[in-house]
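Working notes, beginning with the structure itself.
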Amino acid sequence: MTSVNSPKGRQGDLALFTRNAVDLINEEELLALLAEDRPLRVKFGLDPSSADLHVGHMVQLMTLRRLQEAGHQIVLILGDATAMVGDPSGKNKLRPQLSREEVDHNLATYMDQAGLILDIDKTEIRRNSEWFDKMSFLETLKLNSRMTVAQMLERDTFSKRMDAKEPIGIHEFMYPLMQGWDSVKVQADVELGGTDQLFNVLVGRTLQAQEAQKPQVVFTGPLINGLDGRKMSKSYGNAVGLTDESKDMFGKLMSLEDGAMETWFQLLTNLSAEERATVLAGHPREAKARLAEEITCFLHSPEAAKEARAAFDSQFRDKNVPDDIPLLEWPAAGEELPLFLLVAKLGLAGSSNEARRLVAQGAVRLDGEPEKDGKRRFGQGEAELLIQVGKRRFGRVKVSE
RNA sequence: GGGGGAAUACUCAAGCGGCCAACGAGGCCAGACUGUAAAUCUGGCGGCCAUGCCUUCGCAGGUUCGAAUCCUGCUUCCCCCA
């Protein structure tokens with residue numbers, strides 16, 4: 001605690017760590033590290049089990065960026081070895097193990113995505129296969145002897161699965177150990193993770209202590225829910241991808257539930273507390289548009305954000321037909337097609353049955369007018385037909401009747 | 001090694017010889033209302049130019065006029081005993 005009173009060092013950086021932290025273990029150790037007045041090695045692990053990062057990852061990446069700007073060394077661990085185990089955190093199921101090819105493919109896309117937020121040139125990037133590929137079976141066993149089954153079973157994701165009589169692979173027990181070993185190998189001073197990673201990052205402390213390293217300080221950042229309030233996951237379709245096209249990104253953000261706006265503002269934008277309060281005090285729609293604009297601007301550009309907002313307002317608020325509608329090619333040269341089949345073949349519906357349903361339900365408009373007769377036939381020719389399916393699918397084709 | 005259970009559409013979960021393209025819930029899609037929010041109400045959610053035809057209930061066979069439902073083998077998972 002003496003360091004707290006020391007005039008030297010980087011104690012001012014403490015706020016960067018605590019700004020959005022849920023857990024911090026522990027503050028005294030962190031202050032002592034900061035007092036050393038050197039760039040800290042801040043570890044963050046990415047699990048390449050999918051190819052895309054979303055704004056959920058962005059919460060943590062924003063924190064890292066602030067630390068990076070303050071001069072700390074970000075160490076990004078790409079968990080290519082661990083991905084082949086499958087992280088049990090927050091999962092109720094045995095996760096599929098990925099092949100090396102899949103992992104490599106996913107990793108290849110990561111740098112661009114992380115680079116939207118971090119300065120990649122200043123980031124140390126390590127794959128953990130670097131050390132795990134070399135580990136002998138004996139060493140593996142030794143690593144495994146460092147924790148007990150009882151310790152592992154403390155994790156509620158495991159105990160829940162036990163209770164639910166769901167399978168747990170023995171290899172899953174190794175995941176936290178592997179992640180902890182990463183900390184040993186990169187000599188992390190600090191590790192950041194989502195709150196679901198608390199157990200895993202704490203293992204790093206244990207292993208480092210056993211290796212006569214100073215245990216890393218760990219801090220966790222909040223997990224944000226997806227657009228609909230459920231856990232954000234690409235498979236739920238409620239995630240906003242970091243590389244989503246700007247208009248798409250803006251549109252997705254506008255569908256965020258109101259209740260989450262405050263949190264998203266805090267975690268995903270750099271607005272000050274005062275600015276956030278002002279914005280949130282206004283009309284919710286305006287606030288959300290601002291949020292969407294901020295994030296789109298950050299991940300794309302001010303121009304792209306502006307454009308996305310204008311296009312969104314035009315299409316959905318003012319109900320104008322967007323101006324960048326794809327011109328679709330008539331699917332069957334020279335043939336006459338019933339409307340439902342035309343819709344299906346143009347790709348505006350997933351199947352001809354779906355097209356039939358949509359037409360019957362009045363979701364299909366021709367030049368702005370609803371058309372419920374799915375069997376009405378159209379032929380190819382000169383006139384251009386605007387087909388709209390629902391609120392967001394548009395297409396133009398050339399026809400004559 | 002022995003014994004007992006389970007596998008159904010995106011998920012959970014009914015069905016246990018014909019009325020099953022398969023109840024229900026979540027989810028998703030569309031319509032109404034709106035701020036493309038939420039909530040609410042309505043309709044829909046295997047495929048096919050279709051009053052019918054084809055494929056689906058872990059996999060492969062079999063019994064039967066007829067099987068998701070019965071039998072056999074296989075695969076996978078769970079539990080108990082050792």
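So you know, we letter chains A, B, ... as the sequences are listed, proteins then strands, and number each from 1. Since this is a predicted model, take the numbers as computed values, not measurements.
The side chain of A/S351 places an N or O atom within less than 4.0 Å of a non-bridging phosphate oxygen (OP1 or OP2) of B/C48. Taking only side-chain nitrogens and oxygens, A/S352 comes nearer than 4.0 Å to OP1 or OP2 of B/C48.
Of the listed nucleotides (B/A30, B/U34, B/C49), B/U34 has the atom at the smallest distance from the side chain of A/K391. When each of B/G31, B/A50, B/C49 is scored by its nearest atom to the side-chain atoms of A/A363, the top-ranked nucleotide is B/G31. Picking from B/A30, B/C49, B/G35 the nucleotide with the shortest atom distance to the side chain of A/R393 gives B/A30. Nearest to the side chain of A/P338, among B/C49, B/A50, B/A30, sits B/C49. Nearest to the side-chain atoms of A/H283 among the listed nucleotides B/G47, B/A37, B/G35 stands B/G35. Side-chain atoms of A/L358 lie closest to B/A30 of the nucleotides B/A37, B/A30, B/C49.
Between A/R65 and A/E69 a salt bridge is recorded (basic side-chain N to carboxylate O distance below 4.0 Å). The residues A/K214 and A/E36 are annotated as salt-bridged, a charged nitrogen and a carboxylate oxygen being separated by less than 4.0 angstrom.
Residues satisfying the side chain to side chain donor-acceptor pair (under 3.5 Å) test with A/Q380, not counting sequence neighbours, are none. For the ring-ring contact (aromatic ring centres under 6.0 Å, His included) test, residues two or more places apart in sequence or in another chain that qualify with A/F250 are A/F312. Remark: A/D182 engages A/N128, A/W131 in a side chain to side chain donor-acceptor pair (under 3.5 Å) (not counting sequence neighbours). Scanning for side chain to side chain donor-acceptor pair (under 3.5 Å) contacts around A/R205 gives A/E29, with sequence neighbours left out. When the side chain to side chain donor-acceptor pair (under 3.5 Å) test is applied to A/D112, no partner is found at least two apart in sequence or on another chain.
With both pairing distances under 3.5 Å, B/A60 is matched to B/U72 as a Watson-Crick or G-U wobble pair. The partner of B/C77 is B/G5, by the rule that a Watson-Crick or G-U pair needs both atom distances under 3.5 Å. When Watson-Crick and G-U wobble pairs are counted only if both distances are under 3.5 Å, B/A13 pairs with no nucleotide at all.
At a threshold of 4.0 angstrom between heavy atoms, the contacts of A/L341 include nucleobase atoms, whether or not backbone atoms are also involved. Contact annotation for A/G251: base contact, defined as any heavy-atom pair under 4.0 Å involving a base atom. No contact: A/K375 has no heavy atom under 4.0 Å from any strand. As judged by a 4.0 angstrom heavy-atom cut-off over every strand, A/L337 is placed among the base-contacting residues.
One can find a donor-acceptor pair under 3.5 Å joining the base of B/A50 and the side-chain atoms of A/N353. Between the side chain of A/E336 and the base of B/C49 there is no donor-acceptor pair of N/O atoms closer than 3.5 Å. In terms of polar N and O atoms assigned as donor or acceptor, the side chain of A/R356 comes within less than 3.5 Å of the base of B/A50 in a complementary pairing.
A/K345 places its NZ atom 7 Å from the P atom of B/C49, with the value rounded to the nearest Å. Look at CG on A/N225: it is 15 Å from P on B/A38, rounded to the nearest Å.
A/T148 OG1 to A/L153 CG: the interatomic distance, rounded to the nearest 0.5 Å, is 8.0 Å.
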Using a cutoff of under 3.5 Å, can you pull out all pairs of nitrogen or oxygen atoms linking the protein to nucleotides 42-45 of chain B, with atom names and distances?
unit_1, atom_1, unit_2, atom_2, d
B/G43, O2', A/Q361, OE1, 3.3
B/G43, N2, A/Q361, OE1, 3.2
B/G43, N2, A/Q361, NE2, 3.2
B/G43, N3, A/Q361, OE1, 2.7
B/G44, O4', A/Q361, OE1, 3.4

